[in-house]
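A short worksheet on the structure shown next.
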Amino acid sequence: MPSAEVCATAACAIDRVTRQGQSLAKAIQEPLAKLESTRHAETRELVWGTVRWYFRYQPLINQLLYRPLHKNDRVLEALLLCACYQYEFLSAPDFAVTSSSVDACTHLKRPSYRSLVNAVLRKHLRQGGHKRLDQNGYAATPHWLLNEFRQSWPDEWQQIATESNQRPPQTLRVNHRQLTRGAYITELCREGIPVSISPLSSSALTLHRPRPVHQIPGFSEGVVSIQDAAAQLVPWFLGPVTGQRVLDACAAPGSKACHLLESEPNMAALWAIDLPERIPLIEQNFRRLGVEAVLLAGDASQPNAWWDGERFDAILVDAPCSGAGVIRRHPDIRLHRRPEDLSASVATQIKLLSALWTLLKPGGRLLYVTCSVLEQENDRVVDSFLTNHVDAQTKKIQSAWGRSTRHGWQLLPGDGGGDGFYFARLERRPDQQQHAITSTGL
Ligand SMILES: C[S@@+](CC[C@H](N)C(=O)[O-])C[C@H]1O[C@@H](n2cnc3c(N)ncnc32)[C@H](O)[C@@H]1O
């Protein structure tokens, strides 16, 4: 069970996410560095779990405190939230969770708060603990986001919110250049590692029990990568790219670019572009997998700065978005996104699509992808794009899991075990050359 030191470390990381606005990935780095590596997995579990249920526990803790904590001591709120998570989801006995949370005050250099933490947690347990809380996953989602879910998916919004609170599976992508999925499964069986085949993609496998990458056979040799199964639908929806010139316009950290390169060794060329600070992530993945592409650091919406003038057969725009389809992997999204962020991301999506459209050959196709379930970022972006580009048409796409939308295909979180992804395939009419009407040209 988590020691006092682990609880204190988790509280520091949770506080960075909830109060200082840091992402989970960044917030955990510094606190974790001070802890033995054998304790890292359980600390992560506490941090991710507590942030996942933050909106459910936080009002409860506020109620239980006699008066608000001083702003310098708010890390104790994180410690209390973390205890609530442990009572509900870990198998440790309640008294042990209370005891290590009380002792964590000393690790947090706030020994005078031991009795307060003890009193608050005992009161919480006396009042029935988590059993008096709303058990629905959607009770842990802020109202504005629930409203967005409801507007986009009037029949499925509760399912989306509930699925967004599940622990995500750890899904692998088998590198078909090195091994078939069947051969890799045989290897895993030999090592006693249970896996399931994903129904979404022929390269996807889900580990029954997540493990650190260095314990995944073949990971460092590029035999497998970590990638959600729905994200692995990209080569299928983009279609064959043999002998073609392909652009991945928002490429970092490079998962989909690597998947395309693994799936089709005979592309004429793959260009991968992202913002300069993100390029090292792509390089790292390319190195591990031993694949190559033309790598560009720049703004994809400003092609004049990097394009050589030769059009592409296929373009992938895996656009920046709210991430509303991948909350189960990044539960901090619920804390950090604001309703007003949506219009900014829609503006970027439309800008990218419009700028990149002119780079596409007549007859070519552009696959627009988001990890969002919000109509605003999906079909409505395509609506806006189609209104302004008479030479564009959508092509129907589908897979075994998910549902058709006005313009594309949507997987909701949990569909076929995957994350929430949206795909729309836009084709440039072959008979029209340069009739794109841009919004500025109207
Ligand atoms: C959803 S992520 C892409 C994930 C990537 N395709 C993969 O599979 O690993 C969106 C990416 O868009 C990039 N991005 C945002 N604005 C951009 C721009 N103007 N030009 C190029 N890339 C941009 C972000 O840096 C981010 O890496």
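Numbering of ligands and ligand atoms starts at 1, following listing order.
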Top protein contact for [atom], by heavy-atom distance:
atom	answer
atom 4 (C) of ligand 1	Ala252 O, 3.0 Å
atom 6 (N) of ligand 1	Asp318 OD2, 2.7 Å
atom 15 (C) of ligand 1	Pro320 CG, 3.4 Å
atom 20 (N) of ligand 1	Ala300 N, 2.8 Å

### Query
Nearest to atom 17 (C) of ligand 1 by heavy atom, Val326, Val369, Leu275, Asp274: which?
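Among Val326, Val369, Leu275, Asp274, the closest heavy atom to atom 17 (C) of ligand 1 comes from Leu275.
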Is any N or O atom of [X], backbone or side chain, closer than 3.5 Å to an N or O atom of ligand 1?
X	value
Arg278	yes
Gly254	yes
Ser255	yes
Cys250	yes

Is it the case that the side chains of [Y] and [X] hold a donor-acceptor pair, with the cut-off being a distance below 3.5 Å and no angle test?
X	Y	answer
Asp379	Thr405	yes
Ser322	Arg337	no
Arg288	Asn175	no

### Message
Please verify the inter-ring angle class for Tyr368 with Tyr422; under 30° counts as parallel, over 60° as perpendicular, anything in between as tilted.
### Response
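Tyr368 vs Tyr422 ring planes: perpendicular.
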### Message
Using a 4.0 Å cutoff against the non-hydrogen atoms of Asp299, which atoms of ligand 1 qualify?
### Response
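Ligand 1 atoms under the 4.0 Å threshold to Asp299: 18 (C), 19 (N), 20 (N).
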### Message
Please list, in number order, the atoms of ligand 1 under 4.0 Å from a heavy atom of Lys256.
### Response
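Those atoms are 7 (C), 8 (O).
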### Task
Show your working on ring pair (Phe, Tyr, Trp, His ring centres under 6.0 Å) between Phe312 and Trp271 and close with a plain yes or no.
CA-CA 9 Å; Phe312 294 93; Trp271 284 36; 5.5 Å; yes
### Task
Please confirm whether Ala249 comes under 4.0 Å of ligand 1, counting heavy atoms of the residue only.
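Ala249: in contact with ligand 1 (<4.0 Å).
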### Query
Which atom names give the shortest non-hydrogen contact between Gly416 and Trp401, and what distance separates them?
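Scanning both residues, the minimum pair turns out to be N-CE3, 3.1 Å.
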### Query
So, Arg74 and Asp15, do they make that salt bridge, N to O below 4.0 Å?
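No salt bridge links Arg74 with Asp15.
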### Message
Strictly below 4.0 Å, N to O, side chains only: are Asp391 and Arg428 in salt-bridge contact?
### Response
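Salt bridge: yes.
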#### Entry: Region of Cys321 that comes within reach of ligand 1 [heavy atoms, distance under 4.0 Å]
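No part of Cys321 comes within reach of ligand 1.
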### Query
Should we count NE2 of His143 as having more than 12 external heavy atoms under 6.0 Å?
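No, NE2 of His143 has 12 or fewer neighbouring heavy atoms, counting only those of other groups under 6.0 Å.
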